[in-house]
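Each remark here refers to the structure printed beneath this line.
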There are 2 protein chains.
Amino acid sequence: MYELFFKNMTEKVKLTRDQQQMIRQYLVPKKIRKNQYLLQEGDVAKYAAFVEKGALRAYSVDEKGTEHIIQFAFEGWTISDMYSYMTGEPATYNIDALEDSELVLLNKSAQEEILQRVPEYEEYIRLQLTGAFMSMQKRITSMLSLTLEERYIQLTQLYPSLVQRVPQRMIASYMGLTPETLSRVRRKIKERWE
Amino acid sequence: MYELFFKNMTEKVKLTRDQQQMIRQYLVPKKIRKNQYLLQEGDVAKYAAFVEKGALRAYSVDEKGTEHIIQFAFEGWTISDMYSYMTGEPATYNIDALEDSELVLLNKSAQEEILQRVPEYEEYIRLQLTGAFMSMQKRITSMLSLTLEERYIQLTQLYPSLVQRVPQRMIASYMGLTPETLSRVRRKIKERWE
DNA sequence: ATCATGTGTTGATAATTATCAAGAATATTT
DNA sequence: AAATATTCTTGATAATTATCAACACATGAT
């Protein structure tokens, strides 16, 4: 239990055994089944979830009922509705599981207590946020400057497990396209390599 | 000098006078003129820049020479090529000034020393990054789920100074559109309100 | 194993945005 | 103030993507 969570953290910051034990008290394990919700829009996001095993997505639903996937999270990633988590306001996003998943949950007040008792945890969060920031910035850059083919190829190279474990209609949604267009993009890539 | 920088920081974390004085040692003031570069792609981003006064943009240039604006920064915002700053690799982005600007520069090793001597600075960075993360997530959500009119209206509401101080062709670039299309979007909004 | 449901592909057509070009308006330079 | 450069708007056309529909294939339920 929590192997990946602590492996991930201790790769970034040095923690004593005692500190790790202390943090462990605040963690809540959770298993969810494929298609099960972790968060529904309108509720308050009480937790940030670290993915120990499995895959999740965060998505918003527009007035026409179309889903727009904002984020995927595989093993080693953290997912939440950050605004709702930080402010206690109703969540914008739904979060559900693409596969049976094992999560490590941390609520906000627990995080605050950890931060007071383990200062190194602050550094861990900073490094995590920095990684997420860079990742998102790269995504926006790609959306603005690359062709669809280039974007898809980049996705498969940066996140190979995405393409293997996620249905194509969801990859299309993540890219802001219809499934039909993504199918055409993939055909064009294939033709270019024959 | 540095008024906004310290105002911004002390709104987020509590610092003693001594701590503030200590941090001040590491800061470098810089004035740049409109259109002057702060960073050119290919160079290493030695600094993160806090905007005391003025406005800057970060943009990438694609193979056709088209500029894609990734970020604007007005007073109170920080701008850099985060990946280059963190890793010492060559920068992807150019950063230049849209107006005569006054900046507060902080290089990476100075940041690391501050972090060791003022633990509260860690919290400040975390809170800053959290804000930036939420802002970027909102931007991606809008790009995926809103019509162009809705996106433009949202921009003018979230960042009124953007629309007043930035040429429209740059707003179009930031939105991923041509100037012609943005002009048409604005006309449609106007017709809708008459 | 069979049936039902979901996903991906394909073609045709409609809608949206990019590209090109020119004119009008605004900003900058002399 | 006049001249020049830049920006914004507009129209026409081309290119790209969305929408609709049908079929083939894959997956899930019984």
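In what follows, every chain begins at residue 1, and chains take the letters A, B, ... in the order their sequences are listed.
- Taking a cutoff of 4.0 Å between a charged side-chain nitrogen and a carboxylate oxygen, B:K7 and B:E11 qualify as a salt bridge.
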Exercise for review: Would you give a per-nucleotide map of nucleotides 22-30 of chain C, 5' to 3', where B means the base has a protein non-hydrogen atom under 4.0 Å away, S means only the sugar-phosphate does, and - means neither?
Suggested key: ------S--
Just distance, no hydrogens or angles: give the donor-acceptor pairs under 3.5 Å from side chains in residues 180-187 of chain B, sequence neighbours left out.
residue	atom	partner	partner atom	Å
B:T181	OG1	B:T178	OG1	3.1
B:R186	NE	B:Y152	OH	3.1
B:R186	NH1	B:Q168	OE1	3.2

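- When heavy atoms are screened at a 4.0 angstrom cut-off, B:L182 is found touching no nucleic acid atom at all.
- Computed from coordinates, the B:I189 CD1 to D:dT9 P distance equals 12 Å when rounded to whole Å.
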Exercise for review: Could you go through the salt bridge (charged side-chain N to carboxylate O under 4.0 Å, His left out) check for A:E112 and A:K108 one step at a time?
Suggested key: CA-CA 6 Å; A:E112 279 160 4; A:K108 187 163 177 255; 3.3 Å; yes
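- Ring planes of A:F72 and A:Y174: tilted class, angle from 30 to 60°.
- Straight-line distance from the CG atom of B:N35 to the C1' atom of D:dT6: 12 Å, rounded to whole Å.
- The 12-atom threshold is exceeded at NZ of A:K12, counting heavy atoms of other residues, nucleotides or ligands nearer than 6.0 Å.
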Contacts under 3.5 Å, N or O only, protein and nucleotides 6-8 of chain C:
residue	atom	partner	partner atom	Å
C:dT7	OP1	A:R169	NE	2.9
C:dT7	OP1	A:R169	NH2	2.4
C:dT7	OP2	A:R169	NE	3.4
C:dG8	OP1	A:Q168	N	2.7
C:dG8	OP2	A:R169	N	3.0

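- Rounded to 10°, the helix from C:dA1-D:dT30 to C:dT30-D:dA1 has 60° between the axis fitted to its first five pairs and the one fitted to its last five.
- Around the NZ atom of B:K46, the shell of radius 6.0 Å holds no more than 12 heavy atoms that belong to other residues, nucleotides or ligands.
- Rounding to whole angstrom units, CG of residue A:L98 and P of D:dT27 are separated by 16 Å.
- Residues satisfying the salt bridge (Lys or Arg N to Asp or Glu O under 4.0 Å) test with A:R139, not counting sequence neighbours, are none.
- D:dT27 atom C1' lies 15 Å from atom CD of A:E99, rounded to whole Å.
- For the pair B:T181 and C:dA18, the criterion of a side-chain N or O lying under 4.0 Å from OP1 or OP2 is met.
- The interatomic distance linking A:I171 (CD1) with C:dT9 (P) rounds to 11 Å, in whole Å.
- As rounded to whole Å, 11 Å separates atom C1' of C:dT16 from atom CZ of B:R184.
- A perpendicular orientation is assigned to the rings of A:W77 and A:Y159, their planes being inclined by more than 60° (bins at 30° and 60°).
- A distance of 6.0 Å or more separates the ring centres of A:Y47 and A:Y85.
- Residues from residues 141-163 of chain B placing a heavy atom under 4.0 Å of any atom in DNA chain C, listed by number, are B:L148.
- By the 4.0 Å N-to-carboxylate-O rule, B:R165 lies close enough to B:E75 to be salt-bridged with it.
- With respect to A:L39, the side chain to side chain contact (heavy atoms under 4.5 Å, CB included) criterion is satisfied by exactly one of A:I95, A:I79, A:V44: A:I95.
- When ring centroids are compared, A:F50 and A:F5 come within the 6.0 Å threshold.
- Summarising the geometry, atom NZ belonging to B:K188 is positioned 9.0 Å from atom CD belonging to B:E191; distances are rounded to the nearest 0.5 Å.
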